[in-house]
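What follows is a set of notes on a single structure, which appears directly below.
Here, residue 1 is the first one in the sequence, and each next residue gets the next number. The shown structure was predicted, so the numbers you read here are calculated from the model rather than taken from an experiment. All heavy atoms count here, side chains included; hydrogens, waters and symmetry mates do not.
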Amino acid sequence: MARNRRHLRTLTVPIAFGVVACVTACFGGVTTQVSNSSSAETSSPSSSPDSPTTSVTPVEDQFEIPEDCDELIPISVIQSFDPRLELHTHSEEAEAQFAVLLGPKTMAALTSGRESIYCGWGISHTDAFGYVGAAVISDSVKKDLLHSLRDSVYVEREATTNAEAIFVRSQSVEHQYMSEVDFDGNLLVASAYSISGDFAKAALESLRKN
């Protein structure tokens, strides 16, 4: 399948250490779009002269993933968390590091999506970062990921008006950042961050408006 990637502006920043250095200095936004070719997803309901034609919008099409990070979460919202936050550029190395931050199954679900976007922000010369990934996923991928998260270190929180299922992993001595995975229908939003700010909620609210 063809994968179209859109690279955003480059920002080179010296950062404190290891994974965080890659997160805050290497990652901006990349959008992946995959066209569905299976007959089950492309076929239209049959109709006859005696029955009206009904147009049904698949659940997967109720959300449209934007092409750049400023559309996913406006910079004004990001800088309301901290005015020093800036968008950082994408790299394959950073994408691999986010699989560690989020967990490989969550990252695999994001990359399997019909559309997906990955965005990262950071503060120059600090280890502060915020990352968000969003994708429209299939029912089977959603089911498998929900099962995995409920049998993991993530803790499920009560659903809200913004998300039907929310899983969080809190900060600790061994785990020096927060991570969150949210579901809204077939929309998956995942975030990892070391600075105060509700990145996942901001992305969900933005995607609901699109």
Side-chain angles (χ1 to χ4, degrees), residues 3 5 15 17-32 34 63 65-66 69 72-73 78 81 85 87-122 127-138 140-157 162-204 206-207:
R3 290 171 64 116
R5 294 181 177 270
I15 302 296
F17 58 92
V19 172
V20 173
C22 182
V23 170
T24 54
C26 307
F27 206 92
V30 57
T31 304
T32 303
V34 180
F63 295 100
I65 302 299
C69 296
L72 180 65
I73 307 178
I78 291 296
F81 304 149
L85 283 167
L87 180 67
H88 290 161
T89 57
H90 169 265
S91 74
E92 296 299 328
E93 181 184 359
E95 191 170 322
Q97 294 292 351
F98 286 129
V100 177
L101 294 172
L102 296 174
K105 291 183 179 179
T106 301
M107 195 65 180
L110 285 171
T111 57
S112 76
R114 175 176 54 82
E115 296 178 347
S116 58
I117 187 170
Y118 313 95
C119 301
W121 301 265
D127 60 0
F129 68 89
Y131 157 72
V132 174
V136 179
I137 60 175
S138 68
S140 60
V141 169
K142 176 184 176 181
K143 181 180 178 181
D144 290 345
L145 183 56
L146 282 169
H147 176 77
S148 296
L149 290 169
R150 286 172 177 146
D151 191 33
S152 71
V153 295
Y154 279 85
V155 176
E156 187 169 5
R157 286 185 176 173
N162 289 314
E164 66 181 78
I166 302 171
F167 297 85
V168 297
R169 187 179 180 188
S170 300
Q171 205 167 19
S172 66
V173 175
E174 296 82 14
H175 185 261
Q176 298 183 4
Y177 57 92
M178 295 280 292
S179 49
E180 180 175 335
V181 183
D182 295 357
F183 297 83
D184 185 3
N186 286 71
L187 177 64
L188 171 65
V189 174
S191 63
Y193 50 96
S194 64
I195 186 171
S196 296
D198 204 334
F199 292 87
K201 181 180 178 181
L204 279 169
S206 176
L207 289 164

Are any non-hydrogen side-chain atoms of [X] and [Y] less than 4.5 angstrom apart?
X	Y	answer
F129	L101	yes
Y118	M107	yes
E180	I166	yes

Residue list, side chain to side chain contact (heavy atoms under 4.5 Å, CB included) with [X], at least two apart or on another chain:
X	answer
A202	I73, V77, F81
K201	N162, D198, E205
S170	M178
A190	L102, T106, L110, V181

Taking every non-hydrogen atom, the tightest pair across [X] and [Y]:
X	Y	answer
L72	C119	CD2-SG, 3.9 Å
F63	L207	CD2-O, 3.9 Å
S138	N186	C-ND2, 3.5 Å
V141	A109	CG1-CB, 3.7 Å
S112	I137	OG-CG2, 4.5 Å
A128	S194	CA-OG, 3.3 Å

Open item on the list: If you apply the rule side-chain contact (heavy atoms from CB on, under 4.5 Å), what do you find for I78 with L87, and how did you get there?
Closed with: CA-CA 9 Å; I78 291 296; L87 180 67; over 6 Å; no

TODO: List the steps, then state whether side-chain contact (heavy atoms from CB on, under 4.5 Å) holds for W121 with V132.
DONE: CA-CA 9 Å; W121 301 265; V132 174; 4.1 Å; yes

Open item on the list: My understanding is that only residues two or more places apart in sequence, or in another chain, count here; which of them pass salt bridge (Lys or Arg N to Asp or Glu O under 4.0 Å) with K105?
Closed with: none

Listed by chain and number, what are the side-chain hydrogen bond (donor to acceptor under 3.5 Å, both in side chains) partners of [X], not counting sequence neighbours?
X	result
Q171	none
S196	none
R150	E156
S179	Y154

Task: N/O donor-acceptor pair under 3.5 Å between Y193 side chain and F199 backbone - done: no

Open item on the list: Return the CD1 to CG distance between I195 and L85, rounded to the nearest 0.5 Å.
Closed with: 4.5 Å

TODO: Could you note down all residue pairs passing salt bridge (Lys or Arg N to Asp or Glu O under 4.0 Å) where residues 181-196 supplies at least one of them, sequence neighbours left out?
DONE: D184-R208

Task: Results of ring pair (Phe, Tyr, Trp, His ring centres under 6.0 Å) for F183 - residues two or more places apart only - done: none

